[in-house]
Amino acid sequence: MPVQNAEIAEMFDQTAELLEIKGDNPFRSRAYRNAARVIERLPKSITNLLKAGEDLSELPGIGKDLAGKIAGIVATHHFDVLDRLKRELPGDLGEIAALPGLGPKRVKLLYDKLGVRTLEDLRRAVRSGRLRELSGFGEKSEKKLAAALAKPQAEKRFKLSEAEAEAEALLQHLRPSATDGQVVVAGSYRRRRDTVGDLDVLMIAGDGSAAGDKLAKYDNVASVLAHGPTRTTVVLGSGLQVDLRVVPKESYGAALMYFTGSKAHNISLRGLANDRGWKLNEYGLFAGKRRIGGATEEELYRKLDIAMIPPEMREDRGEIALAQAGKLPRLITLADIRGDLHVHSNWSDGRATIAEMAAAAKARGYAYMALTDHSRHVTIAHGLDAGRLARQLDEIDRLNDKLDGLTVLKGAEVDILADGKLDLPDKILSRLDLVVASVHYKFELSRKAQTERIITAMDNRHVSIIGHPSGRLIGEREAYELDMEAVIAAARGHGCHLELNADPDRLDLNDINAHSAKAAGVKLAISTDAHSTAGFANMRFGIDQARRGWLEPADVINTLPLARLKKLLKR
DNA sequence: GCCGTTTTCGGCCCGACTGTTTTCAGTCG
């Protein structure tokens with residue numbers, strides 16, 4: 001089993017953690033963390049890069065030393081530096097440091113003075129009251145830790161759609177307290193990440209403390225974690241944490257930039273400011289004590305000699321270099337979409353009739369909609385066999401005769417069987433305008449078998465699009481084991497397309513894989529997989545992720561007019 | 001440990017809040 005990027009990243013994170021606890025050079029541990037992030041989001045597998053003879057020290061944040069260490073990990077499945085650190089500092093110090101209020105310094109103190117090596121050791125120390133003997137620990141620390149130890153930790157992230165519902169209600173509550181109604185959610189929410197850990201709310205207001213009171217009094221608040229003159233932190237009933245920051249008007253742009261992040265993007269921007277002898281923080285851009293910018297984001301980016309970077313791109317994945325070169329992409333928007341290529345009706349597990357779905361598509365201004373009901377294998381969804389599908393095609397013909405301004409394309413979401421064969425015979429597939437081929441069972445196949453399965457499906461020339469290629473359900477089911485690089489390469493070779501499923505529970509391909517597909521020259525279909533007329537509205541979540549993957553209209557097939565789309569679908 | 005028209009050494013983002021302290025270290029984002 002080749003070493004996965006995630007494993008290397010995890011080893012580096014653990015190394016960084018232990019180095020911090022040990023009190024080593026903090027910049028050394030930061031280097032390990034930076035490298036972990038770079039490796040984690042790398043679209044290609046490190047093992048493959050090494051096989052291809054690539055020089056890993058070309059990667060940002062990875063120098064000669066780490067490149068050598070990575071090669072060692074790939075060869076041995078072990079990281080000697082980490083192994084040594086673990087021998088030196090045995091126990092679950094990483095888990096202990098993850099507890100709220102505990103960082104490397106205090107973990108070291110607990111380790112040295114009380115011999116705390118495991119969570120159980122810590123529990124005993126808290127119970128015995130010995131914790132308070134330590135300088136820096138008091139009654140409150142003890143209570144907080146006791147509470148944290150009592151409940152399981154699992155850090156929860158919320159789906160973007162869930163966070164959106166919370167955010168909209170919260171903004172409505174806060175808006176009356178804001179100057180000119182200026183209150184927004186920044187952070188990963190504004191960057192439109194597929195999941196959100198907390199809501200970073202930014203508000204312009206004269207009295208920050210009063211604004212904080214307003215938040216603390218929100219019906220949905222379960223507990224108040226902090227409440228100061230400019231920052232208030234609460235946890236909502238759902239467990240979603242909300243950080244409210246109140247800033248003056250002249251700092252709004254700087255604060256918006258700062259709290260939108262990402263952290264890595266901000267650090268790079270600050271580097272640009274430092275290069276010019278300036279300082280950038282959440283209050284503005286400063287030359288010495290003099291403020292030279294801060295009211296708007298546009299102004300700040302301009303002062304740093306780059307174009308405004310869309311929030312979805314602010315991940316420090318090379319967007320700053322692109323902006324410096326004046327080569328930022330014109331990201332796709334909802335308005336570019338001309339149709340939906342994955343839609344269900346009540347012929348299978350959808351709730352609306354074909355005519356109702358078509359009317360909803362037309363109401364959105366679409367020129368086309370592909371009806372893609374399930375094939376027979378998905379019995380639970382009343383999947384269609386060849387006979388029923390043939391009858392459905394006749395109904396679509398009759399409907400198209402009546403429709404004006406919208407064309408219903410004949411399609412199917414055909415199951416990819418375990419061996420890569422399709423769930424409907426070629427004879428009926430050949431009568432369709434497009435075939436979405438998807439995996440709906442046997443998720444547990446080996447990486448090799450699953451990859452071959454999907455590539456075999458693409459060998460069938462009727463297959464136009466691979467539906468929800470990774471199979472993940474956010475927060476519920478991990479993606480199945482798959483060599484996505486190989487799938488993308490095969491898609492390019494076959495002239496096949498990959499789906500970016502816009503269902504907020506799926507968002508599949510994700511942003512990184514969508515970017516890899518674009519880079520490889522594979523065009524995507526952004527489709528909702530709508531099972532009701534309301535489902536069409538999910539398109540915007542797909543657009544969000546497409547933008548995070550730097551996709552432009554030309555990278556997406558359902559931005560094309562119908563005639564050109566049809567040509568592309570036949571291969 | 002990385003990085004470089006301030007380049008092979010000496011920097012490395014920066015501020016708010018808490019708890020414990022009596023002027024600040026540690027944590028957090």
Next on the checklist: Nearest to the side chain of A:F27, heavy atoms from C-beta on, is which of B:dG29, B:dC13, B:dG26?
Outcome noted: B:dC13
Next on the checklist: Checking contacts here: which listed nucleotide (B:dG29, B:dC13, B:dG1) is nearest the side-chain heavy atoms of A:Q241?
Outcome noted: B:dG29
Checklist outcome for this item: Taken to the nearest whole Å, CZ/A:R33 to P/B:dC2 is 16 Å
Next on the checklist: Can you check the distance between B:dT8 and B:dG15, where both ends of the measurement are the P atom (answer in whole Å)?
Outcome noted: 29 Å
Item to check | Side-chain touch A:V185/A:E164, heavy atoms, less than 4.5 angstrom | outcome: no
Checklist entry - Across the strands shown, which category fits A:L269 at heavy-atom distances under 4.0 angstrom: base, sugar-phosphate, nothing? => result nothing
Next on the checklist: In whole Å, I'd like the distance from the CG atom of A:D275 to the P atom of B:dT6.
Outcome noted: 8 Å
Checklist outcome for this item: In Watson-Crick or G-U wobble terms, with both distances under 3.5 Å, the base opposite B:dG29 is B:dC14
Checklist entry - CD1 of A:I320 versus P of B:dC13: gap in Å, rounded? => result 13 Å
Next on the checklist: Between A:K518 and A:D555, is the salt bridge (Lys or Arg N to Asp or Glu O under 4.0 Å) condition met? List the steps.
Outcome noted: CA-CA 6 Å; A:K518 172 194 168 89; A:D555 300 316; 2.6 Å; yes
Checklist entry - Taking CG from A:L56 and C1' from B:dG1, how many angstroms apart are they, rounded to a whole number? => result 15 Å
Item to check | C1' gap between B:dT20 and B:dT27, integer Å | outcome: 13 Å
Checklist entry - Does A:R192 count as lying over the ring of A:Y189, i.e. NZ or CZ under 6.0 Å from the six-ring centre, within 45 degrees of the axis? => result yes
Next on the checklist: For the P atoms, the ones on B:dT22 and on B:dC28, what distance do you get once it is rounded to whole angstrom?
Outcome noted: 23 Å
Item to check | P-based separation of B:dG29 from B:dT23 [nearest Å] | outcome: 29 Å
Checklist entry - What is the per-nucleotide protein-contact pattern of nucleotides 14-23 of chain B, from the 5' end, where B denotes a base atom under 4.0 Å from a protein heavy atom, S denotes such proximity for sugar-phosphate atoms only, and - denotes neither? => result BSSSSSS---
Item to check | Nearest-angstrom distance, P atom, B:dG19 to B:dC13 | outcome: 28 Å
Checklist entry - Between B:dG29 atom C1' and A:R157 atom CZ, what is the distance in whole Å? => result 13 Å
Item to check | Sugar-phosphate only, base, or nothing, as touched by A:P104 at under 4.0 Å among non-hydrogen atoms | outcome: sugar-phosphate
Next on the checklist: With rounding to the nearest 0.5 angstrom, report the CG to CD distance, A:D83 to A:E88.
Outcome noted: 12.5 Å
Checklist entry - What is the distance from CD1 of A:I62 to P of B:dC3, rounded to the nearest Å? => result 9 Å
Checklist entry - P atom, B:dT21 versus B:dG26: distance in rounded Å? => result 13 Å
Item to check | Distance in angstrom units between A:I267 CD1 and B:dC2 P, rounded | outcome: 17 Å
Item to check | Non-hydrogen side-chain atoms of A:N281 and A:F286 separated by less than 4.5 Å | outcome: yes
Next on the checklist: Please classify the nucleic acid contact of A:K69 as base, sugar-phosphate, or nothing, using heavy-atom distances under 4.0 Å.
Outcome noted: sugar-phosphate
Checklist outcome for this item: Taking for A:Y32 and for A:G103 the nucleotide of DNA chain B with the nearest heavy atom, the one nearer the 5' end belongs to A:Y32
Checklist entry - Among side-chain atoms of A:S57 and A:D55, is any donor-acceptor pair under 3.5 angstrom? => result yes
Checklist entry - In whole Å, what is the span from the CD1 atom of A:I70 to the C1' atom of B:dG1? => result 12 Å
Checklist entry - Does a side chain donor of either A:E319 or A:H265 reach within less than 3.5 Å of an acceptor in the other side chain? => result yes
Checklist entry - Would A:Q4 and A:S45 count as a side-chain hydrogen bond (donor to acceptor under 3.5 Å, both in side chains) if you check the C-alpha gap in whole Å, the side-chain angles of each, and the deciding distance to 0.1 Å? => result CA-CA 7 Å; A:Q4 306 282 312; A:S45 101; over 6 Å; no
Next on the checklist: Are A:Y283 and A:Y258 an aromatic pair, judged by ring center distance below 6.0 Å?
Outcome noted: no
Next on the checklist: The side chain of A:L66 is closest to which nucleotide in this list: B:dG1, B:dC13, B:dG29?
Outcome noted: B:dG1
Checklist entry - If you take atom types as modelled and just measure distance, does the side chain of A:N25 reach the base of B:dG1 with a donor-acceptor pair under 3.5 Å? => result yes
Checklist entry - Should A:K64 be listed as having a side-chain N or O under 4.0 Å from OP1 or OP2 of B:dG1? => result no
Next on the checklist: For A:R28 and A:R276, find the nucleotide of DNA chain B closest to each by heavy atoms; which residue's nucleotide sits nearer the 5' end?
Outcome noted: A:R28
